[in-house]
Engineer: 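This structure is in structure tokens; I'll ask about it shortly.
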Amino acid sequence: MLIIPAIDIIEGTCVRLEKGDYSTKKTYSKNPLKVAKNFEDKGAEMLHIVDLDGAKTGSMKNVETILKIRRNIRIPIQVGGGIRNISDARKYLNNGIDRIILGTKAVENKTLLGNLIKEFGSKKIIVSIDVLNGKIRTKGWLGKTGINYLDFAKELKKTGITEIICTDISRDGTLTSPNLIPLKKLKELGFNIIAAGGISDTKSIEKLRKIGIRGAIIGKALYENKIRIDDFFKNNLAKRIIVCMDIKNGRVVKGKNYKNLEDAGDPVKLAGKYCKTGTDELIFLDITATIEKRKILYRLVEQIAENINIPFTVGGGIKTLKDIKELLRRGADKVSIGSAAVANPKLIRRAAKKFGSQCIVISIDPKKNGNLQEIRTESGSKKTKITALEFAKKMEKFGAGELLINSIDRDGTGKGYDIELLREISESVRIPIIASSGAGKKEDFLEAFEDGKADAALSASMFHYGKIKIPELKKYLQNNNVKIRP
Amino acid sequence: MKIAIIDYGAGNLRSIESALKKLGQKFEIIKKPEELGDFAKVILPGVGAAKSAMNNLKKQGFSKTLAQLKIPFLGICLGLQLLSDFSYEDDVKCLSIIPGRVKKFPKFVKVPQIGWNKVNFVKESPLLDDIPNESYFYFVNSFYFETDRDFLTAESDYGITFPSIIQKDNFYATQFHPEKSGEIGAKLLFNFCKKC
């Protein structure tokens, strides 16, 4: 079921009324865009925006405010309030608004409804049925009509309308519970129903879900913090801490920028040790990756698979489907592909199809070129003129399961992850992203999760040099309200 | 007592093999249903897409025999989803062992779900012996099995609440990968081997 937060606007500010009474106006924010963004961030699937000035006066007063929200968020938006003719409808629907809501006008003018459906299709047009004591109300709920809502709905059915919003005015803004009877009756007529009015807790939502309601509009309960939108989208997936090991000739090595490499030990033993401390995942990057050394890597992957019981990814020099197959067959859970994904993107499409997206991690290595984050390949030596963001989107489209976001500028500096880069990519794709390059202190991880919106964060040096222990890092993140597997 | 692991070409079997080896559990990989007779229990692992998995199960002759099994069965990840009536991943008919359908996670969460998620127990089960409620297990999935509460042993939250362990009679199944879930996952596999 869709959970749809409501944003009601009067004179450009975000307000709530009680039972539609304008004298009860309460202003919640002067910045409706900020409110909208917050709802989107928290997981709302659609927004319900009402121009209350428009609803009351019959001419739209907040179009600019609403279109500004449209330009700045990605989830669908439905808008109502003051839409009285076809040119009003075009102002919204031709500017990216996904659906418009007609109330008053639908009651007065069914020809308009027909024309709108003809021009935009029935999916774009929703009728709001606002009911008080079984009778329809119009004009921001101030106008009495005496029309029975069911009679009206039957008439609507003939126009081709498929979806209606049913608001029980007596419950709206009251934080009680929705009135199920009109909803059920309207549903029986064959409409998709969106419920509004008095939905104030997850129990109400559960009741609506049970009777097959398509969506629920929630207003006051969210603004009054009676419920948090997160409660509807409970998500206990933990953020992951990943330890990365660079492998050369079958041994773990450490060193800055691949120079002055020192031996850091046996990968299998180190992996076992990290497992015990609560590491969520491991990545092994073969930095020799020559054909002669491949056999050493394969043997190593087998040993790791036999000895650890958490997921691990293997990367370095993967160029063909056969390379991927060999690594997966030997027990790697995922493979990480870098240069080959840039040179031959079709490889990713084929690999995702053959082995499943879940095991294809794309390693993105950008370096700043002016303001651009330009992808580099061949260990950073080759420029590509492709930006990290466009490459990320392309890889998602081609079937990548995860993106590993490096930054050549940050790598080995200990100055923290490139938060801007992380956030930009995370907000533009719908697959998990792993923050990499630059971690120097525990605060950097917190920042990657909170501001960079990363799903996982990786470091090699911090852990190998013992700058921080995994349990200590996890405790710190947990104390800062990051979801972490203890 | 020996456990059969069904090899039907859906992902590598190495992790589940290593996990059983560490528990000292005897097992064998089998590819034909006729071989099932020699075993006390059976595991259906699986990573990958529903359609090719179902095709392989059919080709190898498992699709009918599995439903008749009376020995304890453990389905893992895709091995859980294949127990359903139908999967919207590739719109494919599945084994119809546990009623329900396999659906995609809603659009507002990142898909695949990759990582450690909390498992909330709903019902007692020998699988969960000595495992604390709300333990974390490792998940990798884009789809979930929508089934009746009667079959629900545990559930998890990823945008929506979905079944993470289900059971009907001798058929047990986990949406997560116990073989990749550290010591707690090993404990669950131990329970399947010794207590189910």
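Letters A, B, ... mirror the listed sequences (proteins, then strands); counts begin at 1.
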Engineer: So which part of S181(B) gets closer than 4.5 Å to some heavy atom of chain A, the side chain, the backbone, both or neither?
Structural biologist: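 The backbone, not the side chain.
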
Engineer: Based on non-hydrogen pairs under 4.5 Å, which of K353(A), E402(A), K483(A) is most in contact with chain B?
Structural biologist: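 Answer, by heavy-atom pair count under 4.5 Å with chain B: E402(A).
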
Engineer: Give, for atom OH of Y138(B) and atom CG of D333(A), the distance between the pair rounded to the nearest 0.5 Å.
Structural biologist: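 Answer rounded to 0.5 Å: 7.0 Å.
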
Engineer: State, to 0.1 Å, how close N236(A) and Y136(B) come at their nearest heavy-atom pair, and which atoms those are.
Structural biologist: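 Residues N236(A) and Y136(B), closest heavy atoms: O-CE2, 3.8 Å.
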
Engineer: Give, for atom CD1 of I16(B) and atom CG of N309(A), the distance between the pair rounded to the nearest 0.5 Å.
Structural biologist: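 It is 11.5 Å, given to the nearest 0.5 Å.
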
Engineer: Nearest heavy-atom pair of P112(B) and G401(A): which atoms, and what distance?
Structural biologist: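 Here P112(B) and G401(A) meet closest at CD-O, 3.8 Å.
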
Engineer: What is the minimum heavy-atom distance between I433(A) and K110(B), and which atoms define it?
Structural biologist: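 Here I433(A) and K110(B) meet closest at N-NZ, 4.2 Å.
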
Engineer: What heavy-atom pair brings L237(A) and Y158(B) nearest, and what distance separates the two atoms?
Structural biologist: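 Scanning both residues, the minimum pair turns out to be CD2-CE1, 3.6 Å.
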
Engineer: Any side-chain heavy atom of K334(A) within less than 4.5 Å of one from I114(B)?
Structural biologist: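 SC-SC contact between K334(A) and I114(B) confirmed.
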
Engineer: Find the one option among I431(A), I484(A), I75(A), I308(A) whose heavy-atom pairs under 4.5 Å with chain B are most numerous.
Structural biologist: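 It is I431(A).
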
Engineer: C359(A), G356(A), G278(A), P432(A): which one forms the most heavy-atom pairs within less than 4.5 Å of chain B?
Structural biologist: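 Most pairs with chain B among the choices: P432(A).
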
Engineer: Find the one option among E281(A), R330(A), K239(A) whose heavy-atom pairs under 4.5 Å with chain B are most numerous.
Structural biologist: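 Of the options given, most contacts go to R330(A).
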
Engineer: Against chain A, label E183(B) side chain, backbone, both or neither, depending on which of its atoms sit under 4.5 Å from a heavy atom there.
Structural biologist: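 For E183(B), the contact with chain A is made by backbone and side chain together.
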
Engineer: Please state whether the side chain, the backbone, both or neither of A456(A) comes within less than 4.5 Å of a heavy atom of chain B.
Structural biologist: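 Contact with chain B involves no heavy atom of A456(A) at all.
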
Engineer: Should the heavy atoms of other residues, nucleotides or ligands under 6.0 Å from NZ of K93(B) be counted, would the total exceed 12?
Structural biologist: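 No, not enclosed.
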
Engineer: Which residue out of R485(A), R430(A), Q358(A) racks up the most heavy-atom pairs below 4.5 Å with chain B?
Structural biologist: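 Answer, by heavy-atom pair count under 4.5 Å with chain B: R485(A).
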
Engineer: Are more than 12 heavy atoms, taken from residues, nucleotides or ligands other than K195(B), located less than 6.0 Å from that residue's NZ atom?
Structural biologist: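 Yes, NZ of K195(B) has more than 12 neighbouring heavy atoms, counting only those of other groups under 6.0 Å.
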
Engineer: Would you check, one step at a time, whether the test side chain to side chain contact (heavy atoms under 4.5 Å, CB included) holds for K22(B) with E306(A)?
Structural biologist: CA-CA 9 Å; K22(B) 270 197 209 148; E306(A) 274 160 29; over 6 Å; no

